[in-house]
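Note that the structure is predicted; figures quoted are calculated from it, not measured. One-based numbering, in listed order, for ligands and for the atoms of each.
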Amino acid sequence: MNIVLTGFMATGKTKIGKSLAELSGFSLVDTDALVEAAAGMTINEIFSEYGEERFRELETEASKKAAELDRAVISTGGGTVLKKENIDALRKNGVIVNLAPGFEVIRARAAAAASTRPLMNGQSMDDIEKRFNERKPFYDNCDIKIKVTNEKTPSEHAEEILEAVNEFLKNNKR
Ligand code: S3P
């Protein structure tokens with residue numbers, strides 16, 4: 001059984017995932033890192049040389065590869081939810097946990113986060129907010145939703161997630 005973290009760019013999936021892996025003893029896998037390793041290029045390079053569509057193909061391959069794991073915390077790229085086949089694959093042996101911040105959390109982090117994120121770089125705050133709102137129905141395709149705030153540390157979020165996952169598994173098979 002894996003724990004799969006979904007959520008918008010700069011929500012804290014990587015930091016929270018790291019805490020959650022430490023807390024649970026699960027390994028930590030990041031689909032963006034799998035994509036970069038497979039391509040031998042950074043996300044920025046993949047977008048600028050081959051475009052978003054090619055990135056999305058690599059992301060699907062990475063999601064399916066990660067879905068084969070067991071006892072892993074799988075931190076997904078923010079757009080992984082856009083293709084149903086990605087989430088369907090990850091859900092077979094995983095609990096899908098959506099990390100849901102209010103937009104104010106993203107607004108505060110956007111400037112620092114933009115340089116490694118082609119879909120934030122050079123975008124106005126209005127454009128980022130529009131994408132944030134358009135993505136909401138895709139993030140709602142989850143088993144557990146966890147509110148993310150700046151008031152809680154990654155390890156506090158991780159504790160909350162682990163409790164919610166254990167509760168979920170009492171009533172649901174994975
Ligand atoms: C993307 C999110 C990024 C990365 C790529 C596209 C998105 O991952 O996969 O830049 O479409 O939301 P993070 O969520 O880790 O920033």
Side-chain angles (χ1 to χ4, degrees), residues 2-21 27-67 69 72-90 94 96-142 144-150 154 157-158 161:
N2 300 312
I3 304 175
V4 180
L5 301 182
T6 69
F8 198 72
M9 294 173 273
T11 291
K13 297 182 295 286
T14 304
K15 277 192 187 153
I16 294 172
K18 199 163 172 258
S19 278
L20 186 57
S27 61
L28 178 65
V29 180
D30 182 316
T31 58
D32 280 340
L34 293 180
V35 166
E36 290 186 327
M41 296 164 96
T42 64
I43 304 280
N44 274 335
E45 287 166 348
I46 299 167
F47 268 75
S48 67
E49 288 201 28
Y50 302 118
E52 180 174 350
E53 207 174 311
R54 178 68 188 135
F55 170 77
R56 296 296 172 204
E57 286 169 10
L58 293 169
E59 184 173 59
T60 293
E61 285 168 24
S63 302
K64 289 183 177 169
K65 199 168 162 192
L69 299 169
V73 172
I74 303 172
S75 173
T76 63
T80 304
V81 293
L82 298 173
K83 274 200 212 165
K84 189 169 174 292
E85 68 178 301
N86 298 346
I87 296 300
D88 286 351
L90 288 161
I96 311 293
V97 180
N98 175 237
L99 302 182
F103 188 68
E104 72 285 352
V105 173
I106 305 301
R107 189 197 306 277
R109 297 177 186 176
S115 72
T116 54
R117 294 180 173 85
L119 298 181
M120 271 191 163
N121 217 347
Q123 305 276 307
S124 69
M125 205 52 78
D126 281 354
D127 287 342
I128 297 172
E129 188 165 14
K130 190 166 166 253
R131 191 187 298 276
F132 180 85
N133 288 324
E134 283 168 358
R135 292 260 181 101
K136 274 190 181 154
F138 295 94
Y139 293 128
D140 287 345
N141 179 12
C142 64
I144 295 168
K145 198 173 270 289
I146 299 284
K147 184 149 180 54
V148 171
T149 72
N150 284 327
H157 281 114
I161 293 165

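The aromatic rings of Phe55 and Phe47 sit tilted, their planes meeting at an angle between 30° and 60°.
The shortest distance between side-chain heavy atoms of Phe8 and Met120 falls below 4.5 Å. Side-chain contact between Glu59 and Lys83 is absent, with no heavy-atom pair separated by less than 4.5 Å.
Ion pairing between a basic and an acidic side chain is recognised when a charged N comes within 4.0 Å of a carboxylate O; Lys130 and Glu134 show such pairing. The existence of a salt bridge linking Arg56 and Glu53 is excluded, since no basic side-chain nitrogen approaches an acidic carboxylate oxygen closer than 4.0 Å.
Distances below 4.0 Å separate heavy atoms of Arg117 from the following atoms of ligand 1: 13 (P), 16 (O). If you number the atoms of ligand 1 from 1 as listed, the ones under 4.0 Å from a heavy atom of Pro118 come out as 10 (O).
Counting heavy atoms closer than 4.0 Å to ligand 1, residue Met120 contributes nothing at all.
Ligand 1 has no N or O atom lying under 3.5 Å from any N or O atom of Thr76, backbone or side chain. Among the atoms of Phe47, none of the N or O lies under 3.5 angstrom from an N or O of ligand 1. At a 3.5 angstrom cut-off on N or O pairs, Ile43 does not count as close to ligand 1.
Looking from atom 14 (O) of ligand 1 to the surrounding protein, the closest heavy atom is Lys13 NZ, 2.6 Å. What sits closest to atom 3 (C) of ligand 1 on the protein, heavy atoms only, is Asp32 OD2, 3.6 Å. The closest protein non-hydrogen atom to atom 11 (O) of ligand 1 is Arg56 NH2, 2.6 Å.
Ligand 1 is approached by Arg135 to a heavy-atom distance shorter than 4.0 Å. Residue contacts with ligand 1 do not include Glu36, since none of its heavy atoms lies under 4.0 Å from the ligand.
Proximity of a side-chain donor or acceptor of Lys64 to a complementary backbone N or O of Ala89 within less than 3.5 Å is not detected. A donor-acceptor pair under 3.5 Å is absent between the side-chain atoms of Asn98 and the main chain of Lys145, judged by distance alone. Using modelled atom types, one side-chain atom of Thr80 and one backbone atom of Gly77 make a donor-acceptor pair closer than 3.5 Å.
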